[in-house]
Novice: 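Got a structure for you, questions after.
Only heavy atoms go into these numbers, but all of them, side chains included; no hydrogens, no water, no symmetry mates.
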Amino acid sequence: VQLQASGGGLVQAGGSLRLSCAASGRTFISYNMAWFRQAPGKEREFVAAISWSGGITYYADSVKGRFTISRDNAKKTVYLQMNNLKPEDTAVYYCAAENRSYGTIVVVTERQGYDYWGQGTQVTVSS
């Protein structure tokens with residue numbers, strides 16, 4: 001699967017952005033999807049994940065209550081709605097996919113568990 005992330009930009013603190021990640025291929029429904037982010041000088045960190053069915057979601061504590069991950073299997077797209085953005089949310093955001101958990105209730109939150117990555121989209125939050 002190939003992933004194309006978009007939707008990043010510059011926003012003031014308290015604002016909102018919605019990131020999109022479009023996937024190629026016919027088996028999108030079999031992939032668990034996730035968003036990670038990497039700030040300058042820091043490790044890439046988990047943000048949110050959603051199961052292949054869309055029925056299970058996980059969030060990093062730092063974004064819980066502010067970010068929402070969702071997917072549209074018909075459009076082969078996963079979204080990350082980001083509200084009440086903070087300067088510390090500034091990073092390059094990457095979408096990722098893995099299909100080893102298809103058919104299970106397992107949702108991976110570790111970077112090493114994902115095999116496919118998009119190119120990243122920059123999110124900058126000004127104070």
Novice: Evaluate the criterion side chain to side chain contact (heavy atoms under 4.5 Å, CB included) for residue pair Leu3 and Val78; output intermediate values, then yes/no.
Specialist: CA-CA 10 Å; Leu3 305 174; Val78 63; over 6 Å; no
Novice: Cluster question for you: counting only ILVMFWY and a side-chain heavy-atom cut-off of under 4.5 Å, with indirect links fine, are Val108 and Leu80 together?
Specialist: no
Novice: Is there a donor-acceptor contact under 3.5 Å from the side chain of Tyr59 to the main chain of Ile69?
Specialist: yes
Novice: Indicate whether any N or O donor in one side chain lies under 3.5 Å from an N or O acceptor in the other, for Tyr79 and Arg18.
Specialist: no
Novice: Between Gln122 and Ala91, what is the shortest heavy-atom contact and its length?
Specialist: NE2-O, 3.4 Å
Novice: For Gln2, does the CD atom have more than 12 heavy-atom neighbours from other residues, nucleotides or ligands under 6.0 Å away?
Specialist: no
Novice: So, applying side chain to side chain contact (heavy atoms under 4.5 Å, CB included) with Leu85, which one of Val11, Thr90, Thr124 is it?
Specialist: Val11
Novice: Do the non-hydrogen side-chain atoms of Arg66 and Met82 ever get within less than 4.5 Å of each other?
Specialist: no
Novice: Measuring from atom CZ of Arg111 to atom CD of Gln38, what distance do you get when rounded to the nearest 0.5 angstrom?
Specialist: 6.0 Å
Novice: Run the side chain to side chain contact (heavy atoms under 4.5 Å, CB included) check on Phe67 and Asp89 step by step: do they pass?
Specialist: CA-CA 11 Å; Phe67 290 12; Asp89 294 319; 3.9 Å; yes
Novice: Does the side chain of Val1 come within less than 4.5 Å of Thr27's, by heavy atoms?
Specialist: no
Novice: Keeping Gln119 on the side-chain end and Gln4 on the backbone end, is there a donor-acceptor pair under 3.5 Å?
Specialist: no
Novice: Does the Ser101 side chain pair with the main chain of Asn99, one donor and one acceptor, at a distance under 3.5 Å?
Specialist: no
Novice: Should Met33 and Trp117 be counted in the same cluster of Ile, Leu, Val, Met, Phe, Trp and Tyr side chains packed under 4.5 Å apart?
Specialist: no
Novice: Tell me if the aromatic rings of Phe36 and Phe46 count as close, with their centers under 6.0 Å from one another.
Specialist: yes
Novice: Is it true that the NZ or CZ of Arg37 lies under 6.0 Å from the centre of Tyr94's six-membered ring and within 45 degrees of the ring axis?
Specialist: no
Novice: Please check if Tyr31 and Tyr58 belong to a single hydrophobic cluster, counting links between Ile, Leu, Val, Met, Phe, Trp and Tyr side chain heavy atoms closer than 4.5 Å.
Specialist: no
Novice: Output yes when a side-chain donor or acceptor of Asn32 lies under 3.5 Å from a complementary backbone atom of Trp52, and no otherwise.
Specialist: yes
Novice: Consider only side-chain heavy atoms of I, L, V, M, F, W and Y, link residues closer than 4.5 Å, and tell whether Trp35 and Val107 are in one cluster.
Specialist: no
Novice: Measure from the side-chain N and O atoms of Arg100 to the backbone N and O of Gly113, and report whether any donor-acceptor pair falls under 3.5 Å.
Specialist: yes
Novice: Is there a donor-acceptor pair closer than 3.5 Å between any side-chain N or O of Thr121 and the backbone N or O of Ser6?
Specialist: no
Novice: Treating Asp72 as the side-chain partner and Lys75 as the backbone partner, does any N or O pair qualify as donor plus acceptor under 3.5 Å?
Specialist: yes
Novice: Taking the side chain as every heavy atom from C-beta outward, state whether Ser127 and Glu88 have any atom pair closer than 4.5 Å.
Specialist: no
Novice: Where do Phe28 and Ala23 come nearest, in terms of heavy atoms and distance?
Specialist: CD1-CB, 3.4 Å
Novice: First locate atom OG of Ser20, then atom CD of Gln81, and finally report the distance between them rounded to the nearest 0.5 Å.
Specialist: 9.5 Å
Novice: Using atom types as modelled and distance alone, determine if a side-chain donor or acceptor of Lys86 lies under 3.5 Å from a backbone N or O of Gly14.
Specialist: no
Novice: Linking I/L/V/M/F/W/Y whenever their side-chain heavy atoms sit closer than 4.5 Å, directly or via other members, would Val47 and Tyr114 fall into one cluster?
Specialist: no
Novice: Rounded to the nearest 0.5 Å, what's the gap from SG on Cys21 to OH on Tyr93? Could you check?
Specialist: 14.5 Å
Novice: May I ask you to test the Leu19-Val123 pair for a side-chain heavy-atom distance under 4.5 Å?
Specialist: yes
Novice: Any chance NZ of Lys64 has more than 12 other-residue heavy atoms, nucleotides or ligands included, within less than 6.0 Å?
Specialist: yes
Novice: Go through Ile56 and Ile105 one step at a time and tell me if the side chain to side chain contact (heavy atoms under 4.5 Å, CB included) criterion holds.
Specialist: CA-CA 8 Å; Ile56 302 172; Ile105 60 171; 3.8 Å; yes
Novice: For the residue pair Ser51 and Gly55, what are the closest heavy atoms and their distance?
Specialist: OG-N, 3.3 Å
